[in-house]
Amino acid sequence: MSPSYDFSHKVVCVTGAGRGIGLAIASAFAEAGARVCVNDIDAESALRAASDLSATGSDVFAFPADVADPARVSAMFGAIDQRWDQIDVLVNNAGIEPVHSLFDHPLSDWRRTLDVNLTGPFLCTQHAARRMRDRGGGVILNIASIAGKSQPLYLRSAYAASKAGLVGFTKEAAREFAPYGIRVNAVCPGVIVTPMTEHLREDAAQMARWRGEIPLARLGEAEEVAALCLWLASDAASYVTGVAWHVDGGKNMA
Ligand code: NAP
């Protein structure tokens, strides 16, 4: 996807960027000239992603960390300060999606999902927003899901609750940060081709059902989510804040 944005003076941090949607977002920003901190809980994939992006000439570094760990998140923003002394765009992308019936949902998985999908963005947002306030502005993007807005999935109650929480959090943050020039939006993908949905895509009957329900009649690509993120982070979206955007092939039109 050819970038039509110039982020060459911007510093971007993308969480969960070792693979999937996060990697596509980090790659798109790097291609548009941004300096990028690639976070992932999986050190190997974070380092591999950063090394691949550096090989194309981008200024990138990996910071392996669990976004739910306050000390590691603090260390990550400290490392960004040390390297660039600037943060312009935060993309809260890291997420997990456990599958359980509510009847016997383990409490530990419920808590872990809220920790990663909701507390992680809270922690990263606090660190980024304080710095953005001091610099006069910035952009925060929260990768939520149609599951948290308009499309119940199945056996994913913790996931849906965390993503619905993230949409509410986005609006609160947008309201509070607006006077400081910080815009906050949520991005709600439909079913996107990534490792997270690999097990679902193996089910041919399910795939046929989905195609029938999606007006554009196909699943989305990670690069298509990244394209929306670039627009939202750019000055072209300078009057856009507090919105949860669908990127789902038209499945949810509300
Ligand atoms: P993915 O392929 O599973 O990639 C997520 C990445 O985040 C993985 O590298 C994962 O590492 C990392 N991660 C997990 N927990 C983390 C933590 N605590 N701290 C830092 N990194 C962590 O998922 P994806 O499909 O790209 O999804 C990315 C985001 O989009 C998620 O928030 C997801 O909920 C959302 N989303 C995806 C879809 C879809 O259809 N794919 C639809 C709607 C929303 P490990 O591999 O080690 O776990």
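Counting starts at 1 for both ligands and their atoms, following the listed order.
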Review point. Do Phe122 and Leu118 touch side chain to side chain, with heavy atoms closer than 4.5 Å?
Key: no

Review point. Does any non-hydrogen side-chain atom of Met207 lie less than 4.5 Å from one of Leu219?
Key: yes

Which protein heavy atom lies closest to [atom], and at what distance to 0.1 Å?
| atom | value |
| --- | --- |
| atom 18 (N) of ligand 1 | Asp66 OD1, 2.9 Å |
| atom 42 (C) of ligand 1 | Gly190 O, 2.9 Å |
| atom 24 (P) of ligand 1 | Thr194 OG1, 3.6 Å |
| atom 23 (O) of ligand 1 | Met196 CB, 3.4 Å |
| atom 7 (O) of ligand 1 | Gly16 CA, 3.4 Å |
| atom 19 (N) of ligand 1 | Val67 N, 3.1 Å |
| atom 26 (O) of ligand 1 | Ile21 N, 2.8 Å |
| atom 9 (O) of ligand 1 | Asp40 OD2, 2.6 Å |

With heavy-atom distances below 4.0 Å as the criterion, list the atoms of ligand 1 near [X].
| X | result |
| --- | --- |
| Pro189 | 42 (C), 43 (C), 44 (C) |
| Ala65 | 19 (N), 20 (C) |
| Pro195 | 2 (O) |
| Ser145 | 43 (C), 44 (C) |
| Val191 | 40 (O) |
| Thr197 | 39 (C), 40 (O), 41 (N) |
| Arg19 | 1 (P), 2 (O), 3 (O), 4 (O), 8 (C), 9 (O), 46 (O) |
| Gly20 | 26 (O) |

Candidate with minimal heavy-atom separation from [atom], of [options]:
| atom | options | result |
| --- | --- | --- |
| atom 35 (C) of ligand 1 | Ser162, Gly95, Ala144, Cys188 | Ala144 |
| atom 14 (C) of ligand 1 | Leu23, Thr113, Asn142, Ile96 | Ile96 |
| atom 31 (C) of ligand 1 | Asn93, Ile143, Val14 | Asn93 |

Between [X] and ligand 1, which residue portion shows a heavy-atom distance shorter than 4.0 Å: side chain, backbone, both, or neither?
| X | answer |
| --- | --- |
| Glu97 | neither |
| Thr15 | neither |
| Arg112 | side chain |

Can you see which heavy atom on [X] is nearest to which on [Y], and at what distance?
| X | Y | value |
| --- | --- | --- |
| Ala28 | Leu230 | CB-CD1, 3.6 Å |
| Val36 | Ala30 | CG2-N, 3.9 Å |
| Asn185 | Val240 | ND2-O, 3.0 Å |

Practice item. Have a look at Asn92 and tell me which of Thr170, Thr15, Thr125 forms a side chain to side chain donor-acceptor pair (under 3.5 Å) with it. Key: Thr125

Between [X] and ligand 1, is there a nitrogen or oxygen pair with a distance under 3.5 Å?
| X | result |
| --- | --- |
| Ile192 | yes |
| Tyr159 | yes |
| Ala68 | no |
| Ile41 | yes |

Point to revise | Pairwise distance CZ(Arg19) to CD(Glu44) - rounded to 0.5 angstrom | key: 12.0 Å

Keeping the roles fixed (side chain from [X], backbone from [Y]), state whether a donor-acceptor pair exists under 3.5 Å.
| X | Y | result |
| --- | --- | --- |
| Asn93 | Ile143 | no |
| Arg175 | Gly242 | no |
| Asp66 | Ile41 | no |
| Ser234 | Ala236 | yes |

Review point. Between Phe77 and His127, what is the ring plane arrangement, given parallel below 30°, perpendicular above 60°, and tilted in between?
Key: parallel

Practice item. Inspect the surroundings of CG in Asp235 and state if more than 12 heavy atoms from other residues, nucleotides or ligands are less than 6.0 Å away. Key: no

Check your understanding: Can Asp42 and Arg48 be counted as an ion pair, charged N to O under 4.0 angstrom?
Key -> no

Practice item. Tell me whether Phe29 is reachable from Val11 by hopping between hydrophobic residues (I, L, V, M, F, W, Y) whose side-chain heavy atoms are closer than 4.5 Å. Key: no

